Amino acid sequence: GQELDLQKDMVAKYLQCTDTDPQTPSFPGCLEKLSCISHDRTIKITTMEMEVASAVLQSILNNEFVTPAFKRRIQLASQTGYSYPGSCDKYRCHHHLLPQSDKKQSKKTYKSKKKLWKKPYF
């Protein structure tokens, strides 16, 4: 009812308020990246990760308070992941979401705990 609508409206407002510059890592950029990664066939993700990603993205796409323009960006990101595998790094996010690719993970070898502590999560 009314409480659920309030929650959905708050989510939509948060997305709008944090979506300032496409070149800057942001929460909306994370959602685009998540959408891209979940449709990129070259990125290995578990069934559980895929289910969580789908639930998060569907909740945004089904939210009537989220603008059609933002919903379209989520859909375009999924098309990018599907049509151009390996290109999800174009979406700016400051959180570690899901594995980026097997190739990138195998390149990262850390010989000390100090370097592991500084591992970037972009």
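Residue numbers run from 1 in the order of the sequence given. The model shown is predicted, which means the values in this text are computed figures rather than measured ones.
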From K33 atom NZ to S38 atom OG, the distance as rounded to the nearest 0.5 Å: 13.0 Å
Identify the residue among M50, E49, K44 that makes a side-chain contact (heavy atoms from CB on, under 4.5 Å) with T46. E49
If you link ILVMFWY side chains whenever their heavy atoms are less than 4.5 Å apart, which other residues fall into the same cluster as M10? By chain and number, please. L6
Backbone N/O of Q79 and side chain of S83: donor-acceptor pair under 3.5 Å: yes
Within residues 76-86 or reaching into it, pairs that qualify as salt bridge (charged side-chain N to carboxylate O under 4.0 Å, His left out) - sequence neighbours excluded: none
I'd like a table of donor-acceptor pairs (distance under 3.5 Å, sequence neighbours excluded) in which one partner is a side-chain atom from residues 56-66, with atom names and distances.
| residue | atom | partner | partner atom | Å |
| --- | --- | --- | --- | --- |
| S59 | OG | V56 | O | 2.7 |
| N62 | ND2 | Q58 | O | 3.2 |
| N63 | OD1 | F65 | N | 2.8 |
| N63 | ND2 | K8 | O | 3.0 |
| E64 | OE1 | K8 | NZ | 3.4 |

Set of salt bridge (charged side-chain N to carboxylate O under 4.0 Å, His left out) partners for D5, sequence neighbours left out: none
Qualifying residues under side chain to side chain donor-acceptor pair (under 3.5 Å), relative to T80, sequence neighbours excluded: Y91
Measure the CG-SG distance between L34 and C93 for me, rounded to the nearest 0.5 Å. 8.5 Å
Value for OG (S54) from NE2 (H39), rounded to nearest 0.5 Å, stands at 7.0 Å
How many angstroms lie between atom NZ of K90 and atom OH of Y84, to the nearest 0.5 angstrom? 9.0 Å
Shortest non-hydrogen contact from I37 to C88? N-SG, 3.5 Å
For E3, check salt bridge (charged side-chain N to carboxylate O under 4.0 Å, His left out) against everything at least two apart and list the hits. none
Short question: side chain of R41, backbone of P85 - any donor-acceptor pair under 3.5 Å? no
